[in-house]
Number of protein chains: 2
Amino acid sequence: MRYSATHKQETREKLLNKSRELAKKEGFGGTGVDAFMKAIDMTGGAFYTHFESKAELFAELVEQELEFSTEMLAGDEDAPADHVARKLRSYLSSAHALHPETGCVLPTLGPEIARASPEIKARVEKALKRLRDAWSERLDDDDAGWALLAQCVGALILARVVESERTRREILSASRRFLERVEKAPRE
Amino acid sequence: MRYSATHKQETREKLLNKSRELAKKEGFGGTGVDAFMKAIDMTGGAFYTHFESKAELFAELVEQELEFSTEMLAGDEDAPADHVARKLRSYLSSAHALHPETGCVLPTLGPEIARASPEIKARVEKALKRLRDAWSERLDDDDAGWALLAQCVGALILARVVESERTRREILSASRRFLERVEKAPRE
DNA sequence: GTCTATATACGGATAGAC
DNA sequence: GTCTATCCGTATATAGAC
């Protein structure tokens, strides 16, 4: 054959990586197959050597996004004591708000995932539950896992729908202070 | 003319109302002009008597959504003392999560608004700031306005991307309990 | 004001040459 | 495996009849 043994796999990986960026920036539905392929300097026809359909790319892409994100956010036993607090700070940053293409998938593709197939949503649920469990266990707080996640996702959405950088920073810093305060809150 | 004096205005209102529902359910970009018109039993061609373009409909639709939502959530001086707590409970309900078409626009069209024009985002910002101010003033808590809004939007997104009704309820109830707890939290 | 018909572009997907 | 060319459906938008 005219291509190396690993060529197809490499192309697929490049395609997935670029697609994840593009989809988070412009929306998955808003990006055509030709645009995904052009981003890796290829033409539309070659797409179907790697995926049966555009929908299959979406499934793969969401799977990878959640795998990477949850692994990064959850942390392991070697993580420092303030691991969650650190992740919250970097998640709730202007840099994150200004760069959806390299950020968390939920504030960008959340609504599209919500409309996706039960199979996709079941896999998303599994990944999110692992992250929630990790955070709740680490903080010894049953509610905090889901609540901190929600605070992160919601604050990013708000930060991105406003126009001024000033308001964007207000939203993010209010959210950060709010969460710090809860660490000292009483539990019944 | 063959139509009453108020006919055009009535049609436009019907179109806007139905479009707001449809866009929140299927996404604005994912819904065609023909689909919007068919929802009020008309054909696509008539759309352009009422709007110059599909983008103009988006601007109008987002404007109305935020006007209605923020007015409803903010409350006025006649509202009961537990006004915000009531709104939080109804926002963070399974009913809301299961019915995007009649719910808040941010968890459904948030990412599309984030990609919209500066003019649209500036108007969204103005409406959101009014709501934030109302809540922060009512709770006498500078951070709570933005933070509660973010928690609401994020929890709805999470509740909608998971598959099982059980997990959906867990997310929403964790979020509600978390917010109740903060009411008793210390402020520095 | 709304209809049907249509211009024009772009969407996802396939066929066949290389 | 990737290319070009193409099929076909659907998208936004316009033109002209009623």
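The sequence lines fix the lettering, A, B, ..., with proteins before strands; numbering per chain opens at 1.
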Could you state the [atom1]-[atom2] distance from [X] to [N], rounded to the nearest angstrom?
| X | N | atom1 | atom2 | answer |
| --- | --- | --- | --- | --- |
| A:Met42 | D:dT2 | CE | C1' | 6 Å |
| B:Glu56 | D:dA13 | CD | P | 10 Å |
| B:Met37 | C:dT4 | CE | P | 12 Å |
| A:His50 | D:dT2 | NE2 | C1' | 8 Å |
| B:Phe47 | C:dA5 | CZ | C1' | 19 Å |
| B:Ile40 | C:dT2 | CD1 | C1' | 11 Å |

C:dG1 phosphate, OP1 or OP2, under 4.0 Å from B:Thr11 side-chain N/O |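 Negative; the distance criterion is not met.
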Does a side-chain N or O from A:Thr43 land closer than 4.0 Å to OP1 or OP2 of D:dC3, or not?
->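 True: A:Thr43 side-chain N/O within range (under 4.0 Å) of D:dC3 OP1/OP2.
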So how far is it from B:Leu57 CG to B:His50 NE2, rounded to the nearest 0.5 Å?
->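 The CG atom of B:Leu57 sits 11.5 Å away from the NE2 atom of B:His50.
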Taking everything shown except [X] itself, do over 12 heavy atoms lie less than 6.0 Å from its [atom1]?
| X | atom1 | answer |
| --- | --- | --- |
| A:Glu10 | CD | yes |
| B:Lys87 | NZ | yes |
| A:Arg86 | CZ | no |
| A:Glu101 | CD | yes |
| A:Glu137 | CD | no |

For nucleotides 9-12 of chain D, tabulate all protein N/O to nucleotide N/O atom pairs closer than 3.5 Å, reporting atom names and distance.
unit_1	atom_1	unit_2	atom_2	d
D:dT12	OP1	B:Lys54	NZ	2.8
D:dT12	OP2	B:Val33	N	2.7

Going by atom types only, do B:Glu26 and B:Thr31 share a side-chain donor-acceptor pair under 3.5 Å?
->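 Their side chains do not contain a donor-acceptor pair, so the 3.5 Å distance test is not met.
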Which pairs with one or both residues in residues 127-136 of chain B pass side-chain hydrogen bond (donor to acceptor under 3.5 Å, both in side chains), sequence neighbours excluded?
->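 The answer is none; no pair qualifies.
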Dot-bracket for DNA chain D, 5' to 3', with Watson-Crick and G-U pairs under 3.5 Å, [ ] for crossing pairs and | for other-strand pairs: what is it?
-> |||||||.||||||||||
Report the nucleotide, chosen from D:dT2, D:dG1, C:dT2, that has the shortest atom-to-atom distance to any side-chain atom of B:Thr49.
->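 Looking only at side-chain atoms, B:Thr49 lies closest to C:dT2.
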Decide yes or no on salt bridge (Lys or Arg N to Asp or Glu O under 4.0 Å) for B:Arg169 and B:Glu165, but give the supporting numbers first.
-> CA-CA 6 Å; B:Arg169 290 181 186 280; B:Glu165 182 62 23; 3.3 Å; yes
